[in-house]
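Report on the following structure.
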Amino acid sequence: MSIADNIAHVRSVITESCKSAGRNPEDVTLIAVSKTKPVSMLKEAYDAGCRDFGENKVQEIMDKYDKLPGDIRWHMIGHLQTNKVKYIIDKVYMIHSVDSTKLADVISKEAVKHGVTMKILLEVNVAGEDSKFGTASDEACKLWEYAAALPGIEVCGLMTVAPYTDDPETNRQYFVVLHDLAVDISRKRKDNDIGIYLSMGMTGDYAVAIEEGASFVRVGTGIFGERNYT
Ligand SMILES: *Cc1c(COP(=O)(O)O)cnc(C)c1O
């Protein structure tokens with residue numbers, strides 16, 4: 001199957017999942033996760049209509065950014081070191097992986113310096129896995145309040161990386177937790193008519209994530225094939 005075929009398939013699954021959940025497919029954005037993949041493959045995805053790409057390394061965003069069209073929305077979905085924020089602050093559309101006040105502070109400072117407003121999501125480690133980044137669920141609300149008060153930052157929602165599994169149903173509970181957390185946070189905020197975006201669901205479980213309210217699904221393998229890290 002070509003990349004265009006894969007994207008068509010993923011889009012049809014998104015449409016079906018939205019239908020079964022009574023949601024509007026326009027409320028779900030597909031992010032093509034292109035980490036480790038060459039620019040030529042990203043071009044294929046672009047030609048098939050993708051405008052949202054996800055990368056997890058600052059260097060890779062820098063390498064690819066100038067070689068691809070300017071209307072791409074780059075999503076930083078990986079762990080971000082504070083000393084690298086300055087390289088991507090004027091390049092990425094959204095940072096999905098903010099998990100500390102320290103990182104929020106640096107993003108704020110760099111955004112102000114560059115005269116931009118950075119959209120961010122707070123990464124939550126809902127399953128409490130030791131191997132994962134993200135703030136603990138019971139810290140998310142505090143981190144939200146902290147980040148929302150900083151200049152140059154727009155806190156748009158929550159993100160999680162669910163455990164790797166062969167059975168997507170086992171991850172439904174974590175998507176439910178992230179959604180509930182968003183509901184809690186929006187209740188506590190005065191401007192609670194503003195929607196809270198949820199970035200959740202990967203190749204193995206995005207259909208379930210959509211049923212539980214995902215606004216961004218991050219699909220890599222399902223579009224570009226297996227990654228080769230060697
Ligand atoms: C790699 C990655 C994905 C995509 O994973 P696939 O299983 O290949 O779809 C999604 N989110 C994050 C944060 C990733 O690092």
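One-based numbering, in listed order, for ligands and for the atoms of each.
Side chain of Ser215 to backbone of Leu198: a donor-acceptor contact under 3.5 angstrom is found. In terms of modelled atom types and a separation under 3.5 Å, the side chain of Ser108 and the main chain of Gly152 share no donor-acceptor contact.
Residue Arg227 places a heavy atom under 4.0 Å from ligand 1.
Contacts with ligand 1 closer than 4.0 Å are made by heavy atoms of both the backbone and the side chain of Thr221.
With atom 3 (C) of ligand 1 as the reference point, the heavy atom nearest to it among Met76, Lys57, Met202 is part of Met202. When Ile77, Ile223, Thr36 are ranked by how near their heavy atoms come to atom 12 (C) of ligand 1, first place goes to Ile77.
Seen from the ring of Phe53, Arg73 does not count as a face-on cation partner, given the 6.0 Å and 45° thresholds.
In this structure, a donor-acceptor pair under 3.5 Å is absent between the side chains of Asn125 and Glu129.
Each of the following atoms of ligand 1 lies closer than 4.0 Å to a heavy atom of Val219: 9 (O). For ligand 1, the atoms sitting less than 4.0 Å from at least one non-hydrogen atom of Gly220 are 4 (C), 6 (P), 8 (O), 9 (O), numbered in the order shown with element in parentheses. Of all the atoms in ligand 1, the ones that sit under 4.0 Å from a non-hydrogen atom of Val161 are 13 (C).
The nearest heavy-atom contact from the protein to atom 11 (N) of ligand 1 is Arg218 NE, 2.8 Å. Protein heavy atom at the shortest distance from atom 9 (O) of ligand 1 is Thr203 OG1, 2.4 Å. Nearest to atom 1 (C) of ligand 1 among the protein's heavy atoms is Lys35 NZ, 1.4 Å.
Between Lys132 and Glu123, no side-chain nitrogen of the basic residue sits less than 4.0 Å from a carboxylate oxygen of the acidic one, so the salt-bridge criterion is not met. Electrostatic pairing of Glu16 and Lys19 counts as a salt bridge here, judged by a charged N lying under 4.0 Å from a carboxylate O. The existence of a salt bridge linking Lys57 and Glu60 is excluded, since no basic side-chain nitrogen approaches an acidic carboxylate oxygen closer than 4.0 Å.
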